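What follows is a set of notes on a single structure, which appears directly below.
Residue numbering restarts at 1 for every chain, and letters A, B, ... go by the order of the sequence lines. All of these numbers come straight from a predicted model, not from anything done at the bench.
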Number of protein chains: 2
Amino acid sequence: MATKCKDCPLRALSCFQDFTQDELAFMQRFKTGELTVEAGTQLMMEGSSSPQLFTALRGMGVRYKTLVHGRRQVVNFILPGDFIGLQAGLMDEMRHSVEATTRMTLCVFNRSDLWTMFKHQPRRAYDLTWLAATEEGFLGEALATVGQRTAIERIAWALVRIFSRGEALGLVRDRMMPLPYRQQDLADALGLSLVHTNKTLAKLRERQLVGWQGGTLRINDLDALAALAGGADTTPEKRPLI
Amino acid sequence: MATKCKDCPLRALSCFQDFTQDELAFMQRFKTGELTVEAGTQLMMEGSSSPQLFTALRGMGVRYKTLVHGRRQVVNFILPGDFIGLQAGLMDEMRHSVEATTRMTLCVFNRSDLWTMFKHQPRRAYDLTWLAATEEGFLGEALATVGQRTAIERIAWALVRIFSRGEALGLVRDRMMPLPYRQQDLADALGLSLVHTNKTLAKLRERQLVGWQGGTLRINDLDALAALAGGADTTPEKRPLI
DNA sequence: CGTAACTTTGACCTAAGTCAAGGCGCGTGG
DNA sequence: CCACGCGCCTTGACTTAGGTCAAAGTTACG
């Protein structure tokens with residue numbers, strides 16, 4: 001049975017902006033249902049359209065692009081609260097694919113209702129644009145990371161970013177958060193080979209900075225890691241939830 | 001004397017979507033003036049806010065980020081028709097800097113009018129979001145390029161993208177377009193060293209694929225170059241102009 | 001208990017980086 | 001009118017971060 005927006009567990013988190021009663025009512029109408037998918041499910045396919053848009057409620061996934069020669073670029077990791085399918089909603093062609101890494105529960109919206117939102121909920125439309133601009137900002141930072149940082153800096157940067165997001169979402173307890181990805185996923189996100197990623201992670205482990213085994217990430221000193229990364233945001237600002 | 005929106009030379013280009021009379025009137029009100037800056041002028045500064053937003057009318061520039069150790073990542077090249085300052089408009093902090101490479105003429109808007117746009121011009125707000133989503137898509141592709149492609153593929157990809165944009169803007173005549181950047185700018189955009197960029201460009205020159213001297217780029221066979229890049233969009237779709 | 005999907009480690013290789021020296025065009029000032 | 005300084009491009013010699021290959025550990029699971 002689908003949760004009502006007003007009971008949405010994410011809404012309670014302090015990292016998300018508050019809803020007005022009106023917005024809440026609109027979101028409830030906008031939401032057409034809930035979807036649970038198994039790990040490994042393809043949610044969106046690069047180059048194709050989708051009649052549905054999602055917000056991740058539970059579980060994690062990856063956005064990625066596949067290049068001709070078979071290589072894969074992970075564009076971002078999807079955590080609860082992330083909006084999926086903006087491109088399919090506006091243009092009608094996704095520029096990347098989305099896959100569930102764990103079992104995921106998603107909030108489902110109708111692409112066709114998006115225009116209504118722009119027409120009647122300018123505040124929500126503004127939030128959507130904010131989200132797009134923020135994601136653009138993030139990708140710029142990722143680009144700078146892959147383009148300019150060394151392997152150890154890249155990995156430190158990525159772990160800091162993920163851990164900070166986890167903290168905001170209340171996923172961190174005892175300096176640990178669940179991180180169900182494979183090293184290959186991280187490697188593909190940072191433009192590194194699996195082997196080198198593994199060896200670099202080992203260095204960070206030796207230095208007692210991070211531990212990542214059995215799907216759990218542990219970071220002892222986030223600031224030290226951020227310093228090693230050569231600067232990385234450790235406190236994401238309050239953001240809208242759609 | 002500032003051009004009126006209805007006489008805007010960009011509007012006539014077929015790569016931009018048509019305006020309704022109403023939209024045209026709104027844009028005219030939205031526009032607060034015109035600005036011409038010399039080459040080398042800093043238009044936006046990473047981390048700071050800006051009361052003004054721009055659309056490039058003439059000239060070229062770069063968006064870039066500066067990392068702690070002094071390295072620079074060029075995030076995109078700015079060509080006529082590009083909107084500048086979306087992030088400053090929505091969040092109020094730019095996530096990258098913008099610098100004019102040549103003398104530029106810009107259309108100036110007030111950041112504070114942006115909300116009016118969402119309130120009363122949903123169609124224009126939608127276009128703005130489309131722009132943000134498109135830029136996000138582009139950055140994803142750039143990330144994949146820097147993360148997964150070899151030097152020669154990266155350069156081929158970048159030149160194809162730039163040349164295609166130039167074609168859409170009518171900057172190409174006789175297979176040539178003005179490209180006033182330094183090799184260092186291209187290197188910084190692709191995560192390569194200046195020296196390696198130079199040597200790789202030399203290879204493309206030897207192969208008779210591209211010529212780039214004296215601020216002019218010549219591409220003989222765009223499709224061959226795109227193939228070498230391992231796939232790159234050669235025909236950008238129609239886009240809104242703001 | 002076998003097998004499949006990940007991680008780890010070691011040995012070796014190469015694409016790209018760094019360093020350094022010239023070249024070339026252009027503006028400025030003696 | 002020439003020279004010198006500056007910004008940018010070019011080239012060669014050498015170094016290195018990170019890639020590739022290959023094999024062996026580890027879980028987790030049917």
Side-chain angles (χ1 to χ4, degrees), chain A residues 38-40 60 62 67 69-74 99 101-103 145-159 178-206 210-218 228 230, chain B residues 38-40 62 67 69-74 99 101-102 145-159 178-206 210-218 228 230:
Chain A
E38 290 310 310
M60 299 188 186
V62 278
L67 296 246
H69 36 297
R71 307 194 73 155
R72 183 181 75 140
Q73 175 68 43
V74 168
E99 186 181 313
T101 301
T102 64
R103 164 192 284 254
T145 295
V146 174
Q148 310 297 335
R149 292 195 235 246
T150 63
I152 204 164
E153 290 171 338
R154 292 187 211 185
I155 291 185
W157 174 84
L159 295 180
L179 195 68
Y181 302 101
R182 296 165 303 151
Q183 295 187 357
Q184 184 71 67
D185 296 321
L186 186 60
D188 288 347
L190 298 172
L192 295 169
S193 71
L194 168 62
V195 173
H196 198 61
T197 300
N198 179 283
K199 287 174 179 169
T200 308
L201 277 167
K203 277 185 199 152
L204 291 173
R205 204 183 312 128
E206 279 164 31
V210 316
W212 178 22
Q213 313 89 16
T216 299
L217 174 70
R218 176 195 193 95
L228 176 59
Chain B
E38 290 310 309
V62 276
L67 296 244
H69 36 296
R71 307 193 71 156
R72 183 181 76 140
Q73 175 69 41
V74 168
E99 185 179 315
T101 301
T102 62
T145 296
V146 173
Q148 311 297 335
R149 292 196 234 245
T150 63
I152 202 163
E153 289 170 339
R154 291 186 211 186
I155 291 185
W157 175 83
L159 295 181
L179 196 69
Y181 301 101
R182 295 165 305 151
Q183 295 187 358
Q184 183 70 66
D185 296 320
L186 185 62
D188 288 346
L190 297 173
L192 295 170
S193 71
L194 168 62
V195 173
H196 198 60
T197 300
N198 179 283
K199 287 174 179 168
T200 308
L201 278 168
K203 277 184 199 152
L204 290 173
R205 204 182 312 130
E206 279 164 31
V210 315
W212 178 21
Q213 313 90 17
T216 300
L217 175 69
R218 176 195 191 95
L228 175 60

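Side-chain N or O atoms of B/Trp212 include none that pairs as donor or acceptor with a backbone N or O of B/Leu159 at under 3.5 Å.
Note on residues 178-187 of chain B: pairs passing salt bridge (Lys or Arg N to Asp or Glu O under 4.0 Å), not counting sequence neighbours, are B/Arg72-B/Asp185, B/Arg182-B/Asp185. Every pair passing side chain to side chain donor-acceptor pair (under 3.5 Å) that includes a residue from residues 189-205 of chain B is listed here, sequence neighbours excluded: B/Gln183-B/Asn198. Applying the side chain to side chain donor-acceptor pair (under 3.5 Å) definition to pairs two or more places apart or across chains, those involving residues 145-154 of chain A are A/Thr145-A/Arg149, A/Gln148-B/Arg71, A/Gln148-B/Gln73, A/Thr150-A/Glu153.
Distance, A/Gln184 CD to C/dT7 C1': 11 Å, rounded to whole Å.
Of all the heavy atoms in B/Thr101 and B/Pro180, the pair that sits closest is CG2-O, 3.6 Å. Here the shortest heavy-atom pairing between B/Ala189 and B/Val146 reads O-CG2, 4.0 Å.
Residues satisfying the side chain to side chain donor-acceptor pair (under 3.5 Å) criterion with A/Gln213, sequence neighbours excluded, are absent altogether. For B/Glu206, the side chain to side chain contact (heavy atoms under 4.5 Å, CB included) test picks out no residue, with sequence neighbours left out.
Interface residues of residues 145-158 of chain A facing DNA chain D, ordered by number: A/Thr150, A/Ala151; criterion, heavy-atom separation under 4.0 Å. The stretch residues 185-204 of chain B touches DNA chain D through B/Val195, B/Asn198, B/Lys199, each having a heavy atom under 4.0 angstrom from the strand.
With a heavy-atom cut-off of 4.0 Å to chain B, the contacted part of DNA chain D has its first and last nucleotide at D/dC8 to D/dA13.
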Every protein N/O lying under 3.5 Å from an N/O of nucleotides 25-28 of chain C:
none

* To do: Could you check B/Tyr181 against B/Val62 for side chain to side chain contact (heavy atoms under 4.5 Å, CB included), going step by step and ending with a plain yes or no?
  => CA-CA 9 Å; B/Tyr181 301 101; B/Val62 276; 3.7 Å; yes

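The shortest side-chain heavy-atom distance between A/Ile155 and A/Val210 does not fall under the 4.5 Å cut-off.
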